[in-house]
Amino acid sequence: MTQLLRVQNFTVSSDGVGAGEEQTLERPFGHVDPGALFSWATATASFPGRANQGGSRGLDDYLTRDFSHNIGAEIMGRNKFGPQRGPWADEEWQGWWGEEPPFHTPVFVMTHHARPSFTLSDTTFHFVGGEPAEILAQAREAADGKDVRLGGGVGTIRQFLDADLIDTLHVAVSPMKVGSGLRLWESPEELRDRFHLDVVPSSSGVVHHLFWRK
């Protein structure tokens with residue numbers, strides 16, 4: 001069975017921005033408010049780490065619940081892992097997620113600067129360089145027959161799109177407009193040459209774009 005490379009629940013603004021500029025330790029998404037951007041997911045009953053019971057059901061909840069289904073490894077860019085640039089000045093930094101990262105699989109962090117792997121709970125982070133196809137091969141081997149999730153950020157997804165390696169994408173388009181930042185696309189129509197596309201609006205106001213390879 002083919003191991004798919006999947007983008008799951010990646011969220012952009014109505015003008016295609018997936019993250020703001022000037023990322024810092026205090027602002028992982030730069031000038032973009034992640035609470036507003038991801039409100040469609042955090043409001044669902046299945047969002048991980050909910051502090052209270054309740055939450056919405058329906059389409060948004062289904063897609064949130066499906067985030068980890070049949071995923072055996074994740075690939076992410078270095079900027080999703082943390083705010084440092086260049087050589088690792090602080091190897092004490094272990095990501096934004098604390099002692100219980102939400103991945104529960106091997107995670108391959110793309111970087112030009114080597115660093116030893118480490119494990120938090122049931123997630124092991126590996127720091128790897130190379131071309132997208134090479135990194136995908138490592139992730140597929142670690143996934144043990146399951147699919148690989150491409151977690152972002154924007155630049156990483158664009159790299160894998162340019163290399164024509166992505167099999168399916170779910171992009172949630174928030175109704176908020178940002179104006180500037182790291183842009184996934186000018187329009188989702190740009191991907192129709194390689195992907196089929198279903199566009200499904202939700203009662204939350206977000207519009208889900210579901211792409212699969214032709």
Side-chain angles (χ1 to χ4, degrees), residues 4-24 27-42 44 47 59-60 63-64 66-68 71 73-83 85 96 102-103 107-111 131-133 135-136 139 147-202 204-214:
L4 300 178
L5 179 62
R6 296 158 49 191
V7 175
Q8 296 284 105
N9 297 1
F10 193 79
T11 304
V12 301
S13 64
S14 61
D15 48 350
V17 174
E21 299 162 336
E22 300 180 3
Q23 181 191 54
T24 66
R27 299 188 304 169
F29 285 81
H31 72 281
V32 174
D33 176 9
L37 190 64
F38 297 104
S39 61
W40 71 271
T42 58
T44 65
F47 188 76
L59 176 62
D60 292 349
L63 291 167
T64 300
D66 194 51
F67 180 70
S68 296
I71 296 294
E74 167 145 345
I75 298 169
M76 68 172 64
R78 180 168 170 178
N79 294 357
K80 179 176 177 178
F81 177 77
R85 306 292 188 269
W96 307 102
F103 308 105
V107 174
F108 293 82
V109 180
M110 297 175 64
T111 176
E131 295 299 316
I135 294 170
L136 177 57
D147 294 339
V148 175
R149 181 172 55 233
L150 184 62
V154 172
T156 299
I157 292 176
R158 293 301 323 181
Q159 277 186 270
F160 280 80
L161 281 171
D162 290 345
D164 199 25
L165 294 172
I166 296 176
D167 297 298
T168 68
L169 300 89
H170 164 222
V171 180
V173 179
S174 166
M176 67 183 287
K177 189 172 183 177
V178 174
S180 65
L182 303 177
R183 199 177 301 277
L184 181 65
W185 57 41
E186 294 296 331
S187 165
E189 297 298 315
E190 297 168 13
L191 302 183
R192 280 191 180 270
D193 61 332
R194 286 176 285 163
F195 294 94
H196 302 285
L197 171 61
D198 278 348
V199 179
V200 187
S202 168
S204 65
V206 74
V207 180
H208 298 287
H209 290 65
L210 306 171
F211 299 84
W212 66 101
R213 183 188 289 274
K214 289 183 177 180

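Worth knowing before you read on, the calculation uses all heavy atoms, side chains too, and leaves out hydrogens, waters and symmetry mates. Index from 1, following the sequence.
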Q: Only counting residues at least two apart or in another chain, list the ones meeting ring pair (Phe, Tyr, Trp, His ring centres under 6.0 Å) with H31.
A: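 Expected list: none.
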Q: Could you list the residues that satisfy ring pair (Phe, Tyr, Trp, His ring centres under 6.0 Å) with F67, not counting sequence neighbours?
A: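 If we apply the ring pair (Phe, Tyr, Trp, His ring centres under 6.0 Å) test to F67, skipping adjacent residues, there are no hits.
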Test side-chain contact (heavy atoms from CB on, under 4.5 Å) applied to [X] - qualifying residues, sequence neighbours left out:
X	answer
S187	E189
A19	F29, L182
I157	V7, F10, L150, L161, I166, L184
W96	Q23, L25, P28, P83, W93

(Q) Set out, in order, the CA-CA distance, both residues' side-chain angles and the distance that settles side chain to side chain contact (heavy atoms under 4.5 Å, CB included) for V148 and F108, then state yes or no. (A) CA-CA 10 Å; V148 175; F108 293 82; over 6 Å; no
Q) If you look at every heavy atom in A139 and A73, which pair is closest and at what distance? A)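 Heavy-atom minimum between the residues: O-CB, 3.6 Å.
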Q | Of all pairs that satisfy salt bridge (charged side-chain N to carboxylate O under 4.0 Å, His left out), the ones with a partner from residues 165-187, not counting sequence neighbours | A |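 Listed by first then second residue: R140-D167, D167-R213, R183-E186.
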Q. How about E21: does its CD atom have over 12 heavy atoms from other parts shown lying under 6.0 Å from it?
A.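 Yes, the 6.0 Å shell around CD holds more than 12 heavy atoms from other groups.
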Using a 3.5 Å distance criterion without hydrogens, assess whether the side chain of [X] forms a donor-acceptor pair with backbone atoms of [Y].
X	Y	result
S14	M176	yes
H170	N9	yes
K214	R192	yes

Q: List in chain and number order the residues that pass side-chain hydrogen bond (donor to acceptor under 3.5 Å, both in side chains) with H209, two or more places apart in sequence or in another chain; answer none if no residue qualifies.
A: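 Testing H209 for side-chain hydrogen bond (donor to acceptor under 3.5 Å, both in side chains), a comparison that skips the adjacent residues, returns none.
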Identify every side-chain donor-acceptor pair in residues 32-40 under 3.5 Å, counting partners at least two apart or on other chains, and give the distances.
residue: D33; atom: OD1; partner: G35; partner atom: N; Å: 2.9
residue: S39; atom: OG; partner: A36; partner atom: O; Å: 3.1
residue: W40; atom: NE1; partner: T11; partner atom: OG1; Å: 3.0

Q | For E22, salt bridge (charged side-chain N to carboxylate O under 4.0 Å, His left out) partners two or more places apart | A |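 Salt bridge (charged side-chain N to carboxylate O under 4.0 Å, His left out) check on E22 returns nothing, list empty.
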Q. For R6, which residues count as a salt bridge (charged side-chain N to carboxylate O under 4.0 Å, His left out) partner, sequence neighbours excluded?
A.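 Testing R6 for salt bridge (charged side-chain N to carboxylate O under 4.0 Å, His left out), a comparison that skips the adjacent residues, returns D147.
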**Q.** Stepwise side chain to side chain contact (heavy atoms under 4.5 Å, CB included) check, L197 with L191
**A.** CA-CA 9 Å; L197 171 61; L191 302 183; over 6 Å; no
Q) Checking side chain to side chain contact (heavy atoms under 4.5 Å, CB included) for the pair S68/R149: CA distance, chi angles, key distance, verdict? A) CA-CA 8 Å; S68 296; R149 181 172 55 233; 3.9 Å; yes
Q) Applying side-chain hydrogen bond (donor to acceptor under 3.5 Å, both in side chains), which residue pairs with at least one partner in residues 151-161 are found, sequence neighbours left out? A)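 Qualifying pairs, neighbours excluded: none.
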Q | Test side chain to side chain contact (heavy atoms under 4.5 Å, CB included) applied to D198 and H196, step by step | A | CA-CA 7 Å; D198 278 348; H196 302 285; over 6 Å; no
